[in-house]
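Step one of this worksheet: look at the structure below.
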Amino acid sequence: MLDLKFVRENLPAVEEALRRRRAPASLGGFADLDRKRRDLLVKVEALRAERNAASEEIGRLRREKKDASGLMQQMKEVAARIKEMEAGLPEAERQMEEALLNIPNIPDPSVPEGAGEEDNAVVRTWGTPGAFSFPVRDHVDIGAALDILDFDRAAKIAGARFCLSKGAGALLERALINFMLDVHTREHGYMEVLPPFLANSASFFGTGQLPKFEEDLFRVAGTDYFLVPTAEVPVTNIVRDEILPADSLPLKMTAYTPCFRAEAGSYGKDVRGMIRQHQFNKVELVKVCRPEDSWRELEALTADAEDILKRLGLPYRVVTLCTADLGFSSAKTYDLEVWLPSQKRYREISSCSNFTDFQARRAKIRYRDDASGKTRLAHTLNGSGLAAGRTVVAVLENFQQEDGSVVIPEPLRPYMGGMDRIVKR
RNA sequence: GGAGAGGUGGCCGAGUCGGCUGAAGGCAACCGCCUGCUAAGCGGUUGUACGGGUAAAACCGUACCGAGGGUUCGAAUCCCUCCCUCUCCGCCA
């Protein structure tokens, strides 16, 4: 959420940001709405002031055992008028709130303007896609041949867009998760947290998934609970409604969670395999920091996620999402894209974003500034480090051998009982 | 699921028969004084949001004592609904 005063005073800039994002939402009514709301507020507050003064006077008179019935009679009328005027306030405020909640974050000036994926800017590329001397298979075929991925039975159990990992496949994903968590906690300085996998609506408002994107979520029927689509939601909300001591910043947390996404509107997209699932595993990185540090922290967080890919030896590139591709709450996002030999292209495996104070304002995540003693909104960031399911895909595809086996990257072997290769049992 | 207790400012904690409580007291923090230094001691300051006001302040107003509604001239205090936390019992991984 943007600051109301900021929007009011910078309407053209906000409209320009919307235009850059290709978000057609018009702010035409905003100024009027704001004006109307404030006019009403001023009138109501004046009446309340009158009532408060009179009430105090009545209290004084009664203590002095004097007659106050006249004043009380008068105030009865004022009270009625207040009630009448107040009636319009909630609606005016609701409209303002709604308008404000639906304005996305303002893209950082360094974000390239663009209309879609094709306008994302490649920042750097690491590694070289392997050359294969045999016909490359995709992870679905590899997984079926090795009997480690079973999409048919997953469909029986749950439906489309679910996966069942078995044997070395399940072990591989668990190893990846443990490896990622260990690197981030022991070497990158993150604190591991294991949060609830369901969160209430207040948390989803805090990080910006609600009210706009409810259709992307799974809701537990008849409750206020939603399945988390990313650990960002429970982890960032750890500090919702809190004033943090300045010396506790930056807060760096990492969490493994499954992620649940409705994938509404993605029919026909990535239907094959485990690229796009209703449920997938992910290790997330979350930071809460001072505003002046957030851009530096974004670079560091992105590097932490990249480190996993490097250690696994997976070729990847980093792109800056263009304005149209940028998420609602984000001011700037780097996507990490891993090379998939079967698709002969790079696919998203991590998304690292600086939300500036956008989430912090919604979630009331603040800290006390040492110098001024005042509370200030913190900045929040997060990034995948990494999406485990897609990492499994990348490992299977990039390290497949002609004989159908898959070589396990060195760093994962200790997590897999020394296994260095997945072969057909 | 059953029974009970409770939700007040950065934290702890008091609020009497509704008015003088934005809220005692304490802690913490900050600024002075004192001190060779530190500690102790003494004096003072310190909530948030919105609106008005200002060049910016000062300042003024309104709201906020879990959330929402009600009673009243006036509610942290009374009534209703809901949410959450804790304790005990039951059930259970």
Side-chain angles (χ1 to χ4, degrees), chain A residues 1-9 30-101 194-206 210 219-220 222-226 234 237-249 251 258 288 290 357 360-378:
Chain A
M1 179 165 64
L2 298 178
D3 180 46
L4 172 58
K5 272 186 210 146
F6 175 84
V7 176
R8 182 186 297 149
E9 287 160 16
F30 191 89
D32 279 350
L33 220 57
D34 183 40
R35 193 64 250 169
K36 260 164 52 186
R37 182 184 135 271
R38 278 195 288 170
D39 286 346
L40 190 58
L41 197 60
V42 167
K43 284 179 191 153
V44 169
E45 288 190 347
L47 278 176
R48 284 177 181 165
E50 184 185 343
R51 181 196 62 192
N52 289 351
S55 292
E56 207 169 307
E57 176 69 8
I58 290 167
R60 198 181 57 76
L61 288 172
R62 306 223 350 179
R63 251 174 286 124
E64 291 170 4
K65 309 276 192 244
K66 288 181 184 161
D67 177 55
S69 56
L71 241 190
M72 282 170 66
Q73 197 53 42
Q74 235 174 298
M75 283 309 108
K76 217 175 182 105
E77 284 161 34
V78 173
R81 268 206 291 157
I82 290 174
K83 201 159 203 168
E84 199 177 305
M85 299 212 64
E86 270 177 345
L89 262 183
E91 179 57 18
E93 266 156 16
R94 196 196 58 74
Q95 285 180 14
M96 282 301 296
E97 178 89 352
E98 188 180 293
L100 218 47
L101 279 173
L194 184 59
F197 299 161
L198 277 72
N200 56 33
S201 58
S203 294
F204 282 83
F205 273 95
L210 289 180
R219 180 177 201 149
V220 181
T223 73
D224 187 43
Y225 297 130
F226 295 83
N237 276 283
I238 289 173
V239 289
R240 170 158 52 88
D241 293 324
E242 291 196 23
I243 299 172
L244 305 163
D247 61 15
S248 71
L249 303 179
L251 230 54
V288 180
R290 292 182 176 81
D357 60 10
R361 185 172 294 107
R362 291 176 162 231
K364 294 197 182 63
I365 301 170
R366 295 169 294 175
Y367 72 98
R368 195 167 294 281
D369 184 57
D370 295 318
S372 63
K374 290 281 179 195
T375 56
R376 297 172 68 195
L377 290 170

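Proteins get letters first, then strands, A, B, ... in listed order; numbering begins at 1 in each. All values reported here derive from a predicted model rather than from experimental measurement.
Nucleotides B/rU71 and B/rA28 have their P atoms positioned 46 Å apart, rounded to a whole Å. As rounded to the nearest Å, B/rG61 and B/rA23 have P atoms that lie 13 Å from one another. Rounded to a whole angstrom, the distance from the C1' atom of B/rU77 to that of B/rG70 is 15 Å. Here the separation of B/rA29 from B/rA93, taken at their C1' atoms, is 46 Å to the nearest Å. If you take atom P in B/rC86 and the same atom in B/rU46, they sit 36 Å apart, rounded to whole Å. For the C1' atom pair drawn from B/rC82 and B/rU87, the interatomic distance equals 22 Å after rounding to whole Å. Rounded to the nearest Å, the gap between the C1' atom of B/rG9 and that of B/rA14 is 13 Å. Using P as the reference atom, B/rG7 and B/rA63 are 24 Å apart when rounded to the nearest Å.
Contacts of A/Arg37 with the nucleic acid, taken as non-hydrogen atoms under 4.0 Å apart, involve only primed sugar atoms and P, OP1 or OP2. Within the nucleic acid shown, A/Lys5 comes within 4.0 Å of sugar-phosphate atoms alone, with no base atom in reach, counting heavy atoms only.
Checking side-chain atoms of A/Arg37 against main-chain N and O of A/Ala92 turns up no donor-acceptor pair under 3.5 Å. Proximity of a side-chain donor or acceptor of A/Arg290 to a complementary backbone N or O of A/Ala246 within less than 3.5 Å is detected.
Residue-to-nucleotide proximity on RNA chain B shows that, of A/Arg48 and A/Arg8, the 5′-proximal contact is made by A/Arg8.
Counting only Watson-Crick or G-U wobble pairs whose defining distances are both under 3.5 Å, the stems of 3 or more consecutive pairs in RNA chain B are B:1-7 with B:83-89, B:10-12 with B:25-27, B:28-33 with B:41-46, B:47-52 with B:59-64, B:66-70 with B:78-82.
Between A/Tyr367 atom OH and B/rG47 atom P the separation is 19 Å, expressed in whole Å. Per the geometry, NZ belonging to A/Lys43 stands 16 Å off C1' belonging to B/rU62, to the nearest Å.
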Readout for nucleotides 67-82 of chain B: B = base within 4.0 Å of protein heavy atom, S = sugar-phosphate only, - = neither; 5' to 3' it is ----S-BS--------
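Judged by atom type and distance alone, A/Glu45 does not reach the base of B/rG51 through any side-chain donor-acceptor pair under 3.5 Å.
Under the salt bridge (Lys or Arg N to Asp or Glu O under 4.0 Å) criterion, A/Glu98 pairs with A/Arg94, not counting sequence neighbours.
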